[in-house]
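Here the structure is laid out as structure tokens; the discussion comes afterwards.
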Amino acid sequence: MRAMAEVVNGSEGSAALKMKMRLLVWALWLLGLVSSKWVDGFEDLNVTEQHYYDQSYGVSYASKPLLVGLTLINGAAAKGAVCLDGTLPGYHLHRGYGSGANSWLIQLEGGGWCDSIRSCVYRKNTRHGSSTYMERQIQFPGILSNKAEENPDFFNWNRVKLRYCDGASFSGDSQYKAGQLYFRGQRIWLAAMEDLMSKGMRHATQALLSGCSAGGLASILHCDEFRGLFPWTTKVKCLSDGGLFLDTIDVSGRRTLRNMFRGVVWLQGVKKNLPWSCANHLNPTLCFFPQHLIADIKTPLFLLNAAYDMWQVSEIKC
């Protein structure tokens, strides 16, 4: 400050220099005012409505999405209905109300397959092979949402997500004792349906079985079986989302997906649980492909599939 005063009062302390100092002080005051308003603006931004983003579905929500807890099927072990590692299977259930109180939507979780001992041993230490690693709560977006604006057709139905922990689209029934692997997808399916029927699904006036990817394949495999759980007065339909896996020759001249499905079918004892309408005249591996099943399915079935399925294009190079 002393040095500044000497400059002002010295030979260079002209009126012009004094004017520059006043302008500098005024500019600093103005900058402070603008900065204050700028910060206030960000404070206002921080208290605006927060949005959430679900990475698995790519959906943005204006409010916190519904979280639904995991229910383990306690009586499943007595039926041999266990995950790959022997733990209990489970599902997430959000109850319906109003006009949807007696309507049920079941979604079968997807998550690929394991077609060898090695891949199944790896899988049993993940959430797709053990309930130990399953999330205790999950979001219910899309077709499972409880918001009418996001899910106008099913928001007030009883909505269930059945967790996938077997690796054969809920269709295997075998065991590999040396590796402590339980291939019990079919038993998990049956135990889950029995448990849900006891919790009110037997009173359903309408029911929809759905699934995505490997769960979409499962919804095709179990479609008529699901229909058989209800009286004929119940309206029952099935939906397969991204489950139309194709038996086709890839660019290398091989049938990559057929080789994988062959491993799944034979390792996990799927053959005996395949629809008889297909298995009575075709190789069991072929009956794991929807293209050989859908013509004989009697229950109304909706197929939702991308024209260019990203997974199939990348995995089988077709």
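Sequence positions, counted from 1, serve as the residue numbers for this chain. Values reported hereafter were calculated over all heavy atoms of this structure, with side chains retained and with hydrogens, waters and symmetry mates removed.
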Regarding Arg123 and the six-membered ring of Tyr164, is the cationic atom NZ or CZ under 6.0 Å from the ring centre and inside 45° of its axis?
-> yes

From [atom1] ([X]) to [atom2] ([Y]), nearest 0.5 Å:
X      : Y      : atom1 : atom2 : value
Glu194 : Trp189 : CD    : CH2   : 13.0 Å
Gln268 : Asn273 : CD    : CG    : 11.0 Å
Ser219 : Ile106 : OG    : CD1   : 12.0 Å
Arg95  : Trp104 : CZ    : CH2   : 4.5 Å
Asn259 : Arg254 : CG    : CZ    : 8.5 Å
Phe183 : Leu267 : CZ    : CG    : 4.0 Å

If you group Ile, Leu, Val, Met, Phe, Trp and Tyr by side-chain heavy-atom gaps below 4.5 Å, do [X] and [Y] land in one group?
X      : Y      : result
Leu93  : Phe170 : yes
Phe226 : Ile73  : yes
Leu70  : Leu162 : no
Ile294 : Leu286 : no
Tyr133 : Tyr182 : no

Between [X] and [Y], is there a donor-acceptor pair closer than 3.5 Å when you use the side chain of the first and the backbone of the second?
X      : Y      : value
Asn156 : Ala101 : no
Arg184 : Ser174 : yes
His292 : Phe288 : no
His222 : Leu209 : no
Asn305 : Leu244 : yes
Asp224 : Thr299 : yes
Ser116 : Ser119 : yes
Asn151 : Ser145 : yes
Asn158 : Gly96  : yes
Arg262 : Thr285 : no

Taking all non-hydrogen atoms of both residues into account, name the closest pair between [X] and [Y] and its distance.
X      : Y      : answer
Ile188 : Asp166 : CD1-CB, 4.3 Å
Ala214 : Gly111 : CB-N, 3.9 Å
Arg227 : Thr234 : NH1-O, 3.0 Å
Leu105 : Trp157 : N-CE3, 3.9 Å
Met201 : Phe230 : O-CE2, 3.3 Å
Asn125 : Val121 : ND2-O, 3.4 Å

Sub-4.5 Å side-chain heavy-atom contact between [X] and [Y]:
X      : Y      : result
His92  : Gln137 : no
Glu149 : Phe155 : no
Cys238 : Ile220 : no
Phe261 : Leu217 : yes
Leu84  : Cys165 : no
Gln107 : Tyr91  : no
Leu274 : Leu221 : yes
Ser103 : Phe154 : no

Task: ring pair (Phe, Tyr, Trp, His ring centres under 6.0 Å) against His128, all qualifying residues, sequence neighbours excluded - done: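 Partners of His128 under the ring pair (Phe, Tyr, Trp, His ring centres under 6.0 Å) test: none.
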
Next on the checklist: According to side chain to side chain donor-acceptor pair (under 3.5 Å), does anything in residues 65-86 pair up with another residue at least two apart or in another chain? List the pairs.
Outcome noted: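 Output for this query lists Asp85-Thr87, Asp85-Ser130.
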
Do other residues, nucleotides or ligands put more than 12 heavy atoms under 6.0 Å from the [atom1] atom of [X]?
X      : atom1 : value
Gln180 : CD    : no
Tyr122 : OH    : no
Arg136 : CZ    : yes
Lys199 : NZ    : yes

(Q) For the aromatic rings, using the six-membered ring if either is Trp, is the centroid distance between Phe245 and Trp113 under 6.0 Å? (A) yes

message = For Asp241 and Ser210, which I'm curious about, is there any donor-acceptor pair between the side chains at under 3.5 Å?
response =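 No.
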
(Q) If the test is salt bridge (Lys or Arg N to Asp or Glu O under 4.0 Å), which one of Asp115, Asp250, Asp247 qualifies with Arg258? (A)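 The salt bridge (Lys or Arg N to Asp or Glu O under 4.0 Å) with Arg258 is passed solely by Asp247 among Asp115, Asp250, Asp247.
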
Walk me through it: do Lys161 and Glu109 pass the test side chain to side chain contact (heavy atoms under 4.5 Å, CB included)?
CA-CA 7 Å; Lys161 184 162 188 174; Glu109 185 182 31; 3.9 Å; yes

Q: Check step by step if side chain to side chain contact (heavy atoms under 4.5 Å, CB included) holds for Gln186 and Val270.
A: CA-CA 8 Å; Gln186 178 70 20; Val270 173; over 6 Å; no

Fill in: Check ion pair Asp173-Arg187 (N to O, under 4.0 angstrom)
yes

